[in-house]
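Quantities reported herein were computed from a predicted structural model and do not represent experimental measurements.
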Amino acid sequence: MKTDRSAELFAESSKYLAMGVSSGMRKAITAPPLFFERAEGPYYFDVDGNKLLDYTLAWGPLILGSNHPALNAAVVEAVQKSYTLGAQHPGEVELARRLTELLPGVEQVILSNTGSEAVQAAFRLARAATGRSKILKFEGHYHGWLNNTLVSYHAPEAAMGPLESPHIVPACEGQPPSEYAETLVLPWNRLDLLEETFAEKGPEIAAVIAEPILANSGCIMPAEGYLEGLLDLCRRWGAVSIFDEVITGFRIALGGAREYFGLQPDLSVYAKALAGGFTLAAVGGRRRMFDVLREGKTIHAGTYNGSSVNLAAGIATLNVLSADPDAYTRMHAYGNAIRKTFEKGAKARGLTLCTSGVGTIFTIHFGVSVPPTHYRECALVDTDLYTRFRAQMLEDGIQLLPDGRWYVGLMHTEKELALTQAAIQKGLTLLSRPRRSL
């Protein structure tokens, strides 16, 4: 695989752009980081002429793929009317109505631009509504890059402390302890510890936030009854329950985790797949959750909130997904076929491997036979083996994220599935041989 031009552009970019990339997480995906010219459907085309079948989906947003005709048409029409208005327009009404129609239990929404931003809006609503200050999150869960929540995400095992009473570990330098002083952390899937924490600090807890499927750290599924128990504890203690559906929203079902699990938290946060690749986020919940805005107790603001072009993309994306009654059945079947290919292929070659998640968002775990139940168990996974596998897949024209996570979209067809299954079989065969074979 040629990377000469990408290497040249990375060297040039590094002169002017800090890190040489626009998001620090992208730098470690390949060496050098690949530079792309365009994307079409499920394929990326880089500056060296490589065509790559993509399962990163731009870290999740591209649920329709790239250059989708309906999305293109909506955006072209919108951009000919306005770029952004900083004022009201009919698109706001239409998108907000569609969200309340599609998301079970969501009666009203506020609009924002990124998942990180929307999470902070949800925190503010919860604090204003309860008069409390503490936010409880879980190890390995990612809720954006701001200081008050970027803790105990991918922390070193040695720094995390006892499982029953975890240390709060900032993710990087530049995070003053005062900025996460009101943040509590627990391990995922331990309802007993959540009950104990509420018994001790319940009157101080404004909200509990969680990824309903821990997509950012191994696609760890909630244990049976865990999400129900979480919501019940929040109700009993008067805390606001928040599902961070930046990843799961419009991906695991049209109604997201609310539909998939049949649950209705107080608030849910959406982004990524909401606008098919355009910048848009939302917070949705019962009407009463937004009373603090109407009453002037707190504010929600932003120059680009309700940007007309991005909202047109959101409406078009939701229309495409909702117009196809079999869309999610096909996407889940496609992803599950990939998972079965891994599981059967590994067993046939004497490799230890398991998968976790659902069809449209899942993770491959080398070196373990049982999916992790909380973040700390991810330390048992053989990440080096997956790195070798991913390198081989890239040589065979398939682009993957570095953490074992796979995204499946509406544009992946049987043709792409056959290509992928063949590449997986080849990669597993090479891994089962002595390392020098790679």
Side-chain angles (χ1 to χ4, degrees), residues 23 25 39 41-42 44 54-72 74-75 94-96 98-104 106 109 111-119 122 142-144 211-216 219 243-261 268-284 307 309-335 357-363 399 401 405-412:
S23 174
M25 294 183 180
Y44 276 29
D54 177 58
Y55 290 101
T56 73
L57 303 197
W59 298 76
L62 300 177
I63 194 162
L64 305 183
S66 296
N67 202 25
H68 190 282
L71 189 51
N72 288 359
V75 169
E94 184 176 356
L95 179 67
R98 292 290 285 135
L99 291 173
T100 61
E101 290 170 348
L102 295 173
L103 300 169
V106 169
V109 300
L111 301 177
S112 188
N113 297 286
T114 67
S116 292
E117 202 179 340
V119 163
Y142 180 78
H143 307 297
E211 296 181 62
I213 295 175
L214 180 42
N216 275 291
C219 290
F243 277 3
D244 182 340
E245 290 218 57
V246 168
I247 288 178
T248 56
F250 311 103
R251 168 160 298 288
I252 64 173
L254 190 57
R258 287 170 174 258
E259 176 185 335
Y260 191 88
F261 293 109
S268 295
V269 179
Y270 303 95
K272 290 190 186 288
L274 171 56
F278 286 77
T279 305
L280 180 61
V283 181
S307 176
V309 173
N310 293 342
L311 263 62
I315 294 165
T317 300
L318 297 183
N319 286 344
V320 170
L321 291 172
S322 58
D324 184 348
D326 297 321
Y328 289 90
T329 299
R330 292 201 310 276
M331 286 191 287
H332 281 300
Y334 185 107
V358 297
T360 56
I361 172 70
F362 58 89
T363 294
Q399 177 173 241
L401 289 174
R405 188 184 348 168
W406 289 55
Y407 285 104
V408 170
L410 196 60
M411 67 295 181
H412 289 121

Original post:
R258 side chain to L103 main-chain N or O, any donor-acceptor pair under 3.5 Å?
Top reply: no
Original post:
Does A313 have any side-chain contact (heavy atoms from CB on, under 4.5 Å) partners at least two apart in sequence or in another chain, and if so, which?
Top reply: L71, V75, A275, F278
Original post:
Do the ring planes of Y55 and W406 sit parallel (below 30°), tilted (30 to 60°) or perpendicular (above 60°)?
Top reply: tilted
Subject >> Validation row: Y270, L280 side chains within 4.5 angstrom (heavy atoms) >> reply: no
Original post:
At their closest point, which heavy atom of P212 faces which heavy atom of A257, and how far apart are they?
Top reply: CG-CB, 3.5 Å
Original post:
Y328 and F250: which non-hydrogen atoms are nearest, and at how many Å?
Top reply: OH-O, 2.7 Å
Original post:
To the nearest 0.5 Å, what is the distance between OG1 (T100) and CG (L95)?
Top reply: 9.5 Å
Original post:
Do you know which two heavy atoms are closest between A281 and A118, and how far apart they sit?
Top reply: CB-CB, 4.0 Å
Original post:
Residues in side chain to side chain donor-acceptor pair (under 3.5 Å) with N310, at least two apart?
Top reply: none
**OP:** Write down the atom of G284, the atom of V106, and the distance for their closest heavy-atom approach.
**Re:** CA-CG1, 3.9 Å
Original post:
If we only count heavy atoms from C-beta on, is the E101 to S322 side-chain gap below 4.5 Å?
Top reply: no
Original post:
Considering only heavy atoms from C-beta outward, does the side chain of Y44 approach that of L62 to under 4.5 Å?
Top reply: yes
Original post:
Can you name the nearest heavy-atom pair linking I361 to C219, along with the distance?
Top reply: CG1-SG, 3.7 Å
**OP:** Using a 4.5 Å cut-off on heavy atoms from C-beta on, say whether the side chain of L64 contacts that of M411.
**Re:** no
**OP:** Go through R405 and N216 one step at a time and tell me if the side-chain contact (heavy atoms from CB on, under 4.5 Å) criterion holds.
**Re:** CA-CA 8 Å; R405 188 184 348 168; N216 275 291; 3.7 Å; yes
Original post:
Going through the checks in order, is the side-chain contact (heavy atoms from CB on, under 4.5 Å) test met by L410 and R330?
Top reply: CA-CA 8 Å; L410 196 60; R330 292 201 310 276; 3.6 Å; yes
Subject >> Partner residues of Y260 under the side chain to side chain donor-acceptor pair (under 3.5 Å) criterion, sequence neighbours left out >> reply: none
Subject >> Worked check of side-chain contact (heavy atoms from CB on, under 4.5 Å) between V358 and T248 >> reply: CA-CA 10 Å; V358 297; T248 56; over 6 Å; no
Original post:
Under 3.5 Å, is there a donor-acceptor pair between the side chain of E211 and the main chain of Y142?
Top reply: yes
Subject >> Backbone N/O of K272 and side chain of R251: donor-acceptor pair under 3.5 Å >> reply: no
**OP:** Using modelled atom types only, decide if a donor and an acceptor are shared between the side chain of Q399 and the backbone of T56 within a distance under 3.5 Å.
**Re:** no
**OP:** Give, for atom CG of L321 and atom CG of L254, the distance between the pair rounded to the nearest 0.5 Å.
**Re:** 6.5 Å
Original post:
Can you check side-chain contact (heavy atoms from CB on, under 4.5 Å) on L274 and L318, steps first, answer last?
Top reply: CA-CA 7 Å; L274 171 56; L318 297 183; 4.3 Å; yes
Original post:
Does any N or O in the side chain of H412 come within less than 3.5 Å of the main-chain N or O of D54, such that one atom is a donor and the other an acceptor?
Top reply: yes
Subject >> Any T317 side-chain heavy atom under 4.5 Å of H68 side chain >> reply: no
Subject >> V269 vs H143 side-chain heavy atoms within contact, under 4.5 Å >> reply: no
Original post:
Looking at G409 and L57, what are the two nearest heavy atoms and their distance?
Top reply: N-CD1, 3.8 Å
